Amino acid sequence: MDSSGIDTPTVPPADKKRFKLLASICFFLLLGTWLSIPYGAGSDMDYHMASIWCAWGEKPGICEIIEITEQDRTAQFRNNATAEVPFMFQICDSRNIDFWPYCEVETDHPVTQRLRMASPEHMSLYYKVAHTFIGEGISQSVLRIRMMNCLIASAVLFLLLSITTRRIAFASLVGFTFTLIPNGVQILSGVTTRAWAVLGVMTSWAFFASYLSTDKSRKSLRATQLVATVFTFLLALSARLDAAAMVALTLAVVYSAHLLRNKVLTTRQITVSLLAVSGLWLVLRQIPKLYEFVSVYVPSNYSARQYLLFQIVHLPEFVADWWGYRIGQQGNGPGIVGLIGVVLFFINLAFALVKSSKQQRFITAGFAVIICALLFKSTAWTGSIVPLTGIYTLGMALPWLGLTVQHSSQSVQFMSSPGHRKISIFLLSFAHMITFYSLIEFYTMQGKNVGYFETLTLNGTWWWNMPIGPNFVFLAGVILFPAFLSLAWKSIDLQLPE
């Protein structure tokens, strides 16, 4: 970065371009191995699957007899709906049996079943797009949807490595590296709205920051960066309203940090910004649904002091859900995967904060407050005192770490060292292997072995119904994860501009 604050990407040599393409291909194949996890392997899958099948209304054999049920008091502006859809999975204790395999498996099942879904007036665009991929077979339809999501994620990764500035490419790859395990890969290759929502939140900031930092004479490059920003924002907006809010907040932080870094924030700009925020707030007050979404309140069945104290104490525990840390309200203690994820993430965060400026500390601390506020708001929205799982804010992990690295005063970061990169990739690959094996083992054995492995082989109930067995898919995933990270780090410049 020169004295004017411009950090313009250089034209990568041929081998760098090749590494970017190979890294993206490996990432696509890696996501493909995670398609081995059953489509029911997640909470609320009945809701998401029925919403996809009924996205365009009633159709014979696909979605029939949509009924709007009584308003759920915990859902602030969403009606509950149900529909008759083709049989997808057995329900066990009000959950699908893949996610909660603690009932006897029924060999006979009806042709259709009634599942809950999003009400037609609040159907997200993601469901409508995913609906175009469904056919007669449930498994084949889900595979097509998940392949679409894998392809989109891989394409966005390629753009992230190719059109961002040197510093931001490094910063975003640091964030990408330390937020994928144990939940990121499964979400990005999944069938729910989180696939687009998390991807949009994770990457939009990098394209926008690059657009602001690239020399204005490079019009075609800046246009591409702006298009990528809009595309990733639309991904989030098409999937979930809360994800769109996260993107908007992140882009506001990026723009404010850009103005402060280049010392172009004048009194007039501050005044205009405050007036614009005040005007927006007045407009929101006139739209009940949007005002209810942005307003903060404490559920009526708790005192404000009790509720706030409980949230302050427990919110950090639930943020640690990003890495499956499982402490406090969430479990009996951290496992090896959670320890690796938390330790490596905060080592990188701390390393980037060495000799930090007031501006960098403000960005890092402010972003942490935003994350906790979003989780608080989501929890209050459900009426619960126990914070929601941190997975709801997983997408914010990457810009939090990425922005901290981007605004670091040091040209050398933790991942600049070959030794640090090797040990990090080794530890993350080990965490990925443990996570991937545990998930496949859980689903092939249908939850019979909890807390121990009866045998090393993964052969068992295999939802793919294909000649490719789970052992082969597991080995492919184990190889592809370190291959992807190694190629991705070889594809960018490790010497950061000052």
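Everything numeric here is computed off the predicted structure, so don't read it as measured data. Because only heavy atoms are used, hydrogens play no part in the values below, and waters and symmetry mates are left out as well, while side chains stay in. Starting from 1, each residue takes its place in the sequence as its number.
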Determine whether the side chains of [X] and [Y] contain a donor N or O and an acceptor N or O closer than 3.5 Å.
X    : Y    : value
N149 : W196 : yes
S357 : S409 : no
Q413 : S408 : yes
T214 : R222 : no
T232 : W205 : no

Would the number of heavy atoms belonging to other residues, nucleotides or ligands and lying under 6.0 Å from [atom1] of [X] be above 12?
X    : atom1 : answer
M148 : CE    : yes
F426 : CZ    : no
K422 : NZ    : no
F158 : CZ    : yes

Does some side-chain heavy atom of [Y] sit less than 4.5 Å from a side-chain heavy atom of [X]?
X    : Y    : result
I370 : M396 : yes
K16  : D493 : yes
F28  : M147 : yes
M45  : T192 : yes
L159 : F231 : no
F170 : S416 : yes
P418 : R421 : yes
S154 : L31  : yes

Side-chain donor or acceptor of [X] paired with backbone N/O of [Y] under 3.5 Å:
X    : Y    : result
T33  : L30  : yes
T132 : V129 : yes
K20  : L161 : yes
Q410 : F351 : yes
R146 : S189 : yes
S51  : A118 : yes
S356 : A352 : no
R167 : Q406 : yes
Q225 : T164 : no

Indicate the atoms forming the closest heavy-atom contact of [X] with [Y], along with that distance.
X    : Y    : answer
A488 : A23  : N-CB, 3.6 Å
I340 : A431 : CD1-CB, 4.2 Å
F208 : V254 : CD2-CG1, 3.7 Å
K219 : K216 : CG-O, 3.6 Å
Q359 : A257 : NE2-O, 3.3 Å
F233 : A244 : CE1-O, 3.8 Å

* Asked: Does the ring centre of F176 sit less than 6.0 Å away from the ring centre of W489?
  -> no

* Asked: Ring centres of F345 and F178 under 6.0 Å apart?
  -> no

* Go through the steps to decide whether V142 and M49 satisfy the test side-chain contact (heavy atoms from CB on, under 4.5 Å), and finish with yes or no. => CA-CA 9 Å; V142 171; M49 293 283 286; 3.5 Å; yes

* Evaluation steps, side-chain contact (heavy atoms from CB on, under 4.5 Å), between F484 and L180 -> CA-CA 12 Å; F484 149 65; L180 279 178; 3.6 Å; yes

* **Audit row: L249, L374, side-chain contact (heavy atoms from CB on, under 4.5 Å) steps and yes/no** => CA-CA 10 Å; L249 286 170; L374 286 169; 4.1 Å; yes

Working to the nearest 0.5 angstrom, can you tell me the gap between [X] [atom1] and [Y] [atom2]?
X    : Y    : atom1 : atom2 : result
L160 : L199 : CG    : CG    : 9.5 Å
I187 : W34  : CD1   : CH2   : 10.0 Å
T193 : L235 : OG1   : CG    : 12.0 Å

* To do: Applying side-chain hydrogen bond (donor to acceptor under 3.5 Å, both in side chains), run through T179 and W323 and close with a yes or a no.
  => CA-CA 7 Å; T179 55; W323 306 280; over 6 Å; no

* Asked: Any salt bridge (Lys or Arg N to Asp or Glu O under 4.0 Å) pairs touching residues 22-45, not counting sequence neighbours?
  -> D44-R116

* To do: Just say parallel, tilted or perpendicular for the rings of Y47 and Y127, cut-offs at 30° and 60°.
  => perpendicular

* To do: Name the orientation class of the two ring planes belonging to F414 and H420 (parallel below 30°, tilted from 30 to 60°, perpendicular beyond 60°).
  => parallel

* Decide side-chain hydrogen bond (donor to acceptor under 3.5 Å, both in side chains) for T364 and T404; before the verdict, give the C-alpha distance in whole Å, the side-chain angles of both, and the deciding distance to 0.1 Å. => CA-CA 6 Å; T364 304; T404 303; 3.0 Å; yes

* To do: Might you work through the side-chain contact (heavy atoms from CB on, under 4.5 Å) test for T250 and F367, ending with a clear yes or no?
  => CA-CA 8 Å; T250 304; F367 217 85; 3.7 Å; yes

